[in-house]
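Here is the naming used below: chain letters follow the sequence lines, and residue numbers restart at 1 for every chain.
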2 protein chains.
Amino acid sequence: MEVSSRRPAGHASPLPPALADGVFPAGCPSRTVLDHVTSKWGVLLLLALSEGPQRWSELRRRAEGISEKMLAQTLKTLERDGLVRREAQPVIPPRVDYSLTERGYELSALLVPLVAWAFENADDIVKGQP
Amino acid sequence: MEVSSRRPAGHASPLPPALADGVFPAGCPSRTVLDHVTSKWGVLLLLALSEGPQRWSELRRRAEGISEKMLAQTLKTLERDGLVRREAQPVIPPRVDYSLTERGYELSALLVPLVAWAFENADDIVKGQP
DNA sequence: CGGAATCCTATTTGATACTG
DNA sequence: CAGTATCAAATAGGATTCCG
């Protein structure tokens with residue numbers, strides 16, 4: 001019996017063509033991307049930035065609980081991935097604005113429904129757990 | 001200047017109402033849910049299961065590179081979260097089927113576009129990095 | 001086959017202090 | 001303000017062995 005024939009009615013399989021066999025390759029670059037994007041703070045920062053450009057201190061306040069180290073590290077990773085743009089102004093005191101690139105916006109648009117779902121279902125899910 | 005007025009034209013802010021202030025609370029249950037869902041193997045297993053019920057060995061093969069420990073651990077977490085259903089048949093040799101719950105399907109439907117996007121953009125993103 | 005238990009390593013994360 | 005550096009702790013992850 002094939003997997004495709006065991007799929008519940010009403011649930012189409014929309015997996016990317018690249019995974020026709022249903023196997024997620026170990027060395028696949030998408031693994032790296034997913035790891036960056038779905039990192040503990042990655043999602044939160046991308047979501048926060050989806051509201052518009054923001055400064056370091058603003059991001060730190062929004063991603064409540066993040067340390068300076070992780071904020072810097074995560075922002076760097078997202079910047080290297082071409083999802084976040086960093087613009088430092090040569091003023092005293094320093095002012096640095098972070099914003100999403102076009103690609104970053106594309107991604108955040110997919111992340112928003114996910115986070116919204118997490119918010120809506122969080123109580124039900126966490127409840128009933130020890 | 002408010003954040004909402006700094007939002008680029010054409011990019012609506014669709015954040016959940018609960019985050020009207022744009023702050024992601026540290027103790028929020030949704031953090032836990034997001035952590036489970038966006039864990040290294042969580043996404044992959046949920047996606048694999050979105051194609052229909054599958055056995056332990058099949059999941060292990062699909063999430064290439066996963067260890068038995070992490071497979072067991074991740075499946076348990078997802079089961080406790082009410083996203084995955086485990087059905088063990090009392091036969092020799094043992095046969096255990098895993099499948100998504102309704103809530104799990106809801107979630108996987110949101111995850112699919114994300115993973116598809118990661119697949120499509122992975123090469124561009126990983127390229128240009130040291 | 002489908003795990004559970006154990007041991008050990010690697011990566012992540014946080015707290016703290018310091019700086020241009 | 002916007003970071004960097006350092007160290008310690010926590011957690012994730014892997015390899016191996018064993019079991020019903």
Side-chain angles (χ1 to χ4, degrees), chain A residues 1 3 24 26-28 31-45 48-49 53-81 84-99, chain B residues 1 3 6 24-28 31-46 48-49 53-81 84-99 130:
Chain A
M1 198 182 202
V3 169
F24 297 87
C28 182
R31 290 272 189 109
T32 305
V33 176
L34 279 177
D35 280 351
H36 293 180
V37 168
T38 65
S39 70
K40 179 170 184 179
W41 302 108
V43 181
L44 260 38
L45 291 179
L49 284 169
Q54 277 154 86
R55 302 175 63 173
W56 165 280
S57 52
E58 205 167 346
L59 290 172
R60 194 174 180 200
R61 189 177 50 80
R62 288 181 173 228
E64 202 172 86
I66 196 172
S67 66
E68 296 189 339
K69 179 181 174 180
M70 290 316 296
L71 180 54
Q73 197 177 107
T74 307
L75 283 173
K76 263 184 197 167
T77 300
L78 296 177
E79 193 187 353
R80 281 169 39 118
D81 286 349
V84 164
R85 181 171 32 238
R86 179 183 184 276
E87 285 168 298
Q89 297 175 36
V91 297
I92 304 289
R95 177 188 174 106
V96 182
D97 282 271
Y98 291 91
S99 56
Chain B
M1 198 181 201
V3 169
R6 291 197 269 101
F24 298 87
C28 181
R31 288 272 188 108
T32 306
V33 176
L34 279 177
D35 280 352
H36 293 180
V37 168
T38 65
S39 69
K40 179 169 184 178
W41 302 107
V43 180
L44 261 38
L45 291 178
L46 287 169
L49 284 170
Q54 279 154 84
R55 302 176 63 174
W56 166 279
S57 51
E58 206 167 345
L59 289 173
R60 200 181 173 195
R61 190 176 51 79
R62 289 182 173 225
E64 203 172 85
I66 196 173
S67 67
E68 295 188 340
K69 178 182 174 179
M70 290 317 295
L71 180 54
Q73 196 177 109
T74 307
L75 283 173
K76 263 185 198 167
T77 299
L78 295 176
E79 194 189 352
R80 282 169 37 118
D81 285 349
V84 164
R85 181 170 33 238
R86 179 183 186 276
E87 284 167 299
Q89 296 176 37
V91 297
I92 305 287
R95 176 187 175 106
V96 182
D97 283 270
Y98 291 91
S99 56

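Atoms CD and CG, from A/Glu64 and A/Leu44 in turn, are 10.0 Å apart once rounded to the nearest 0.5 Å. Taking SG of B/Cys28 as the reference point, atom CG of B/Leu34 lies at 8.5 Å (rounded to 0.5 Å). Separation of atoms CG (B/Leu46) and CG (B/Leu78) is listed at 5.0 Å; rounding is to 0.5 Å. To the nearest 0.5 Å, the span separating CZ on A/Arg62 from CD on A/Gln54 amounts to 4.0 Å.
In this structure, A/Ile92 atom CD1 and D/dC1 atom C1' are separated by 9 Å, rounded to whole Å. Atom CE of B/Met70 is separated from atom P of C/dT12 by 13 Å (rounded to the nearest Å). For the pair A/Asp35 CG and D/dA12 P, the interatomic distance rounds to 14 Å; values are reported in whole Å. Rounded to whole Å, the distance from CZ on A/Arg60 to P on D/dA2 is 12 Å. In this structure, NZ of B/Lys40 is placed 12 Å from P of C/dT13, rounded to the nearest angstrom. In this structure, CD of A/Glu64 is placed 18 Å from P of C/dT13, rounded to the nearest angstrom. Straight-line distance from the CD1 atom of B/Ile66 to the P atom of D/dA15: 13 Å, rounded to whole Å. Atom CG of A/Leu71 and atom C1' of D/dG3 are 9 Å apart (whole Å).
Using modelled atom types, no side-chain atom of B/Arg86 and backbone atom of B/Leu75 make a donor-acceptor pair closer than 3.5 Å.
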In the 5'-to-3' direction, what one-character label does each nucleotide of nucleotides 1-11 of chain C receive under the scheme B = base within less than 4.0 Å of a protein heavy atom, S = sugar-phosphate only, - = no such atom? BSBB--B----
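Between A/Glu58 and A/Arg61, the closest side-chain pair of non-hydrogen atoms falls below 4.5 Å.
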